[in-house]
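In what follows, every heavy atom counts, from backbone to side chain, and hydrogens, waters and symmetry copies are set aside. Whatever order the structure lists them in is the order used to number ligands and atoms, beginning at 1. Only a predicted model underlies this, so the values are computations on that prediction, with no experimental measurement involved.
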Amino acid sequence: MADLQTQMKQAVADAAVEQIKNGMVLGLGSGSTAALMIRALGAKLASGELKNIVGVTTSFQGEVLAAELNIPLLSLNAVDRIDLAIDGADEVDPSFQLIKGGGACHVQEKLVAAMADRFVVVVDSTKLVDRLNLDFLLPVEVLPGAWRQVQKTLASMGGSAELRMAQRKAGPVVTDQGNLVLDVKLNGGIDDPASLEKSINNIPGVLENGLFVNLTDEVLVGEISDGVAGVRSLDRRPS
Ligand code: 5RP
């Protein structure tokens, strides 16, 4: 039996796949919850329950998994629209603003979410927060040659930024685009996600940050009640 957190993730992954209809172009997110969703999609394609699906992945992780499951893929440049994108998140606030990038995939994830007609976020209940960045650091993808300069600029904006280091590889995490990631802590959390998203992206050398503002249409939350995993769709509260 999977642990409780995995059961919650599986429940939301399965609920999200229920929203997929034949013929859709789908944005396939990254991370462990999105991977469960991709596996559930693969199973429905293999059984014939779903047909004529094309996926647009948001990471190398998704590409490898989709290939393993025989899910047809197109690149972002090859599609004009995405019907539905499904992805995980690291933090979700009451007005559906997100921090993403725990897997360093937020550049492609934001491109896909921004193109999608509908963006559904799948999380377990541990990801719900009242205020962003009190616990989870904000990922910022930077050009390798600019990380120290960006770190200094972030410090002048009140953010302490650490270079994300790799595990089982010497040195920093290198993203799918060949860049580095700074993980940023703002004192007291994030007041105004919309304005911070723009200010950080305006720093020379920054590719993208993990604030996803006004992109989310629905949040599906996995919860445990009486020892059983279930799913709740959240109502957005105005910011
Ligand atoms: C990757 C992401 C992931 O969606 C996020 O980190 C959540 O991952 P998980 O479902 O494993 O908790 O943004 O860049």
Side-chain angles (χ1 to χ4, degrees), residues 2-17 26-41 55-66 76 82 84-93 96-114 116 119-129 132-133 135-142 164-167 172-184 190 193 197 200-201 206-213 215-224 229 231 234:
D3 62 77
L4 290 180
Q5 195 177 24
T6 306
Q7 289 180 45
M8 290 190 276
K9 289 178 181 187
Q10 186 69 61
V12 280
D14 292 341
V17 166
L26 288 178
L28 304 177
S30 305
S32 57
T33 319
L36 292 172
M37 178 277 295
I38 295 172
R39 286 194 182 281
L41 168 64
V56 178
T57 55
T58 54
S59 60
F60 199 69
Q61 175 207 25
E63 239 178 272
V64 171
L65 187 56
L76 193 61
I82 292 173
L84 169 67
I86 303 170
D87 203 348
D90 299 296
E91 287 191 338
V92 179
D93 85 359
F96 286 12
Q97 315 303 18
L98 316 175
I99 288 183
K100 286 184 50 55
C105 309
H106 51 285
V107 170
Q108 292 185 54
E109 290 173 332
K110 199 183 282 191
L111 286 166
V112 165
F119 180 43
V120 174
V121 171
V122 282
V123 290
D124 63 76
S125 55
T126 63
K127 308 290 185 70
L128 303 182
V129 298
L132 296 174
N133 193 232
D135 291 320
F136 199 87
L137 304 182
L138 174 65
V140 178
E141 180 159 336
V142 295
R164 191 182 298 182
M165 300 307 282
Q167 293 184 358
V173 165
V174 178
T175 69
D176 290 353
Q177 291 71 237
N179 297 311
L180 305 181
V181 177
L182 291 171
D183 286 308
V184 185
I190 294 175
E197 183 193 21
I200 293 180
N201 281 357
V206 168
L207 270 296
E208 188 55 87
N209 69 78
L211 279 168
F212 281 46
V213 176
L215 288 174
T216 305
D217 294 297
E218 183 178 13
V219 178
L220 294 174
V221 186
E223 305 180 306
I224 299 290
V231 176
L234 286 190

Please compare [options] and report which has the shortest non-hydrogen distance to [atom].
atom	options	answer
atom 14 (O) of ligand 1	E109, K100, K110, M37	E109
atom 7 (C) of ligand 1	A89, S32, G31, P139	A89
atom 3 (C) of ligand 1	S30, G103, G210	S30

- Item | Minimum heavy-atom distance V12-L220, with the two atoms named |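 Heavy-atom minimum between the residues: CG1-O, 3.4 Å.
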
- Residue pair G102 / F136: nearest heavy atoms and the distance that separates them: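 That closest heavy-atom pairing would be CA-CZ, 3.8 Å.
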
Roughly how far apart are [X] [atom1] and [Y] [atom2], rounded to 0.5 Å?
X	Y	atom1	atom2	result
I190	L211	CD1	CG	4.5 Å
E197	L138	CD	CG	9.5 Å
E208	Q108	CD	CD	11.5 Å

Can you name the atoms of ligand 1, numbered from 1 with element, that are less than 4.0 Å from a heavy atom of [X]?
X	answer
A104	14 (O)
D90	5 (C), 6 (O), 7 (C), 13 (O)
K127	7 (C), 9 (P), 12 (O)
G88	4 (O)
D87	4 (O)

- Message: Students should be able to answer this: which protein heavy-atom is nearest to atom 10 (O) of ligand 1, and at what distance?
- Response: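 Heavy-atom neighbour on the protein nearest atom 10 (O) of ligand 1: T33 OG1, 2.5 Å.
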
- Message: Taking the side chain as everything from C-beta on, heavy atoms only, tell me whether V206 gets closer than 4.5 Å to V142.
- Response: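 Result yes, sub-4.5 Å side-chain heavy-atom pair found.
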
- Query: Any N/O of G101 closer than 3.5 Å to an N/O of ligand 1?
  - Reply: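 Right, the criterion is met.
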
- Item | Donor-acceptor contact present, side-chain R39 to main-chain L65, <3.5 Å |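 No, R39 side chain to L65 backbone: no donor-acceptor pair under 3.5 Å.
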
